[in-house]
Amino acid sequence: MRPGEKSSSHVRFREDDGRDTSYPPLPPALTVPVYDNHTHLEVADGDQPLDYTEQLDRASSVGVKGVVQVGADLETSRWSAEQAMREPRMLAAVALHPNDAPEYAEAGGLDAALAEIAELATWPRVRAVGETGLDYFRTTSDEGRAHQMRSFEAHIEIAKQNGIALQIHDRDAHREVIETLLRVGAPERTVFHCFSGDAEMARVCAENGWYLSFAGNVTFKNASNLREALEVAPRSLVMVETDAPYLTPAPYRGRPNAPYLVPHTLRFMADHLGTDASMLAAQISSNTELVYGRWEDDPVEAS
């Protein structure tokens, strides 16, 4: 989730600046289906918000066969875990966003919140701890960053204890995130959500077997660093995501994002790499299942 855009009411508030805030049209369906590795379906957006079942129905219709629904605080982590237990197209990730960690700490509730995340991480359809990490863009004080680090290290340990993946939020903290993973030991499956580094960082990730998940911003004209990273990343470590409702890919930048728009990003990536979209989709789908397991592995509860 992009810092500063999360709302506890699960509604994304936009300024009325005359921009088009309707959902984009459906893209042509993918021949080979993929997964959305990171989305926030609890966040309503646009002038006619869609509920999560409508979002998933649209995604299914264009070849996006499942999503990882990601929590960013206790409320959204609970929601993600609960919905994944009932929805076969959804797996969950649970965590405290790094920008929320100082707030929990200052209120005296960080340890209790981490304990609840640890409990949620034991649920069968919770397959990742995330999004966690470091964000030095919004959190600038030494004390706040110390709280972030304590939270990040605790989340890493929760992922390792449960044998599930880690989804990392990294903003303006590339060196510190990498140093932390190397110092404490990264989980076996570690994913850089909305990868924001460059080719050099992509090579470091590849050396350590860490996954790079690309969002719609890889399509932005000013994102040459992301495209250079994509070029050097091993295909076996590449994933795709929306971070919906944020980071809507071109040509719909600025409008609400949704899992059904993954095909735009996937096709852009394939074109940039000079490869067939179906071949890239097959590789990414395989990578995603290696990280999270199959969506069918744990049955959902009857409604």
Side-chain angles (χ1 to χ4, degrees), residues 30-39 59-60 63-70 80-81 84 87-95 121-133 155-156 158-170 177-178 181 185-195 197 201-215 218 229-243 259 262-263 265-266 269-270 273 275-300:
L30 294 169
T31 303
V32 176
V34 293
Y35 299 94
D36 181 353
N37 165 68
H38 186 112
T39 192
S60 297
V64 180
K65 58 183 176 180
V67 305
V68 180
Q69 161 62 32
V70 180
S80 300
E87 171 52 65
R89 295 168 292 184
M90 183 188 292
L91 296 177
V94 297
T122 67
W123 291 29
R125 293 184 65 80
V126 173
R127 304 282 184 82
V129 172
E131 60 190 275
T132 181
H155 282 86
I156 293 171
I158 292 169
K160 290 194 289 189
Q161 286 176 349
N162 289 278
I164 57 179
L166 183 76
Q167 279 206 11
I168 290 177
H169 170 104
D170 163 29
V177 166
I178 290 170
L181 292 173
E188 181 180 354
R189 290 157 293 162
T190 294
V191 180
F192 278 77
H193 134 67
C194 190
F195 182 81
M201 183 173 170
R203 293 187 182 96
V204 172
C205 289
E207 290 169 3
N208 289 279
W210 301 333
Y211 291 80
L212 295 73
S213 180
F214 291 90
V218 74
L230 175 63
E231 291 166 10
V232 303
R235 304 285 171 86
S236 60
L237 295 175
V238 170
M239 302 171 77
V240 68
E241 66 173 83
T242 57
D243 198 18
V262 162
T265 304
L266 186 285
M269 292 165 64
L273 292 171
T275 191
D276 178 73
S278 292
M279 291 181 62
L280 184 61
Q283 178 71 69
I284 287 176
S285 185
S286 175
N287 296 344
T288 308
E289 290 185 351
L290 284 172
V291 171
Y292 304 109
R294 289 162 45 88
W295 268 243
E296 304 83 11
D297 283 349
D298 292 296
V300 297

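For Y211, there are no ring-ring contact (aromatic ring centres under 6.0 Å, His included) partners two or more places apart in sequence or in a different chain. By the salt bridge (Lys or Arg N to Asp or Glu O under 4.0 Å) test, E296 pairs with R294, sequence neighbours left out. Under the rule for a side-chain contact (heavy atoms from CB on, under 4.5 Å), the partners of P33 that lie at least two apart in sequence or sit in another chain are K65. Partners of S80 by side-chain contact (heavy atoms from CB on, under 4.5 Å), not counting sequence neighbours, listed by chain and number: Q69, A92. Applying the ring-ring contact (aromatic ring centres under 6.0 Å, His included) criterion to W295, with sequence neighbours excluded, gives Y35.
Counting only residues at least two apart or in different chains, side-chain hydrogen bond (donor to acceptor under 3.5 Å, both in side chains) contacts with residues 201-210 are absent.
Across all their heavy atoms, G63 and L30 have their closest contact at O-CD1, 4.0 Å. Nearest heavy-atom pair, S236 versus Q283, reported as atom, atom and distance to 0.1 Å: CA-NE2, 3.7 Å. I156 approaches G185 most closely through the heavy-atom pair CG2-O, 3.6 Å. Smallest separation of non-hydrogen atoms from F195 and A202: CZ-N, 3.8 Å. For the pair C205 and L212, the tightest heavy-atom approach, listed with the atom from each and the gap, is CB-CD1, 3.7 Å. Listed here is the closest heavy atom pair of A215 and T242: CB-O, 4.3 Å.
Each of L181, I178, V191 was compared with I168 under the side chain to side chain contact (heavy atoms under 4.5 Å, CB included) criterion, and only L181 meets it. Looking at R189, H38, H155, E241 one by one, the single match for side-chain hydrogen bond (donor to acceptor under 3.5 Å, both in side chains) with Q167 turns out to be H38.
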Criterion side chain to side chain contact (heavy atoms under 4.5 Å, CB included) on E188 and V291, from CA distance to verdict: CA-CA 9 Å; E188 181 180 354; V291 171; over 6 Å; no
Would you check, one step at a time, whether the test side chain to side chain contact (heavy atoms under 4.5 Å, CB included) holds for L230 with V238? CA-CA 8 Å; L230 175 63; V238 170; 4.3 Å; yes
Given R125 and D297, is the salt bridge (charged side-chain N to carboxylate O under 4.0 Å, His left out) satisfied, shown in steps? CA-CA 9 Å; R125 293 184 65 80; D297 283 349; over 6 Å; no
Report the C-alpha distance between L91 and Y292 in whole Å, list the side-chain angles of each, state the deciding distance to 0.1 Å, and finish with yes or no for side chain to side chain contact (heavy atoms under 4.5 Å, CB included). CA-CA 8 Å; L91 296 177; Y292 304 109; 4.1 Å; yes
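For the atom pair SG of C194 and CG of D243, the computed distance is 5.5 Å after rounding to the nearest 0.5 Å. To the nearest 0.5 Å, the span separating OG1 on T39 from CE on M90 amounts to 8.5 Å.
In this structure, T190 contributes its side chain and P187 its backbone to a donor-acceptor pair below 3.5 Å. Here the side chain of D276 pairs a donor or acceptor atom with the backbone of S278 at under 3.5 angstrom. The backbone N or O of I284 sits less than 3.5 Å from a side-chain atom of T288, completing a donor-acceptor pair. Although no hydrogens or angles enter the test, the distance criterion places a donor-acceptor pair under 3.5 Å between the side chain of N287 and the main chain of R235.
Two residues are said to be in side-chain contact when any heavy atoms from C-beta on lie closer than 4.5 Å; L166 and H193 fail this criterion. V262 is listed as a side-chain neighbour of V34, based on a closest heavy-atom distance under 4.5 Å.
Between the side chains of N37 and S213, at least one donor N or O lies within less than 3.5 Å of an accepting N or O.
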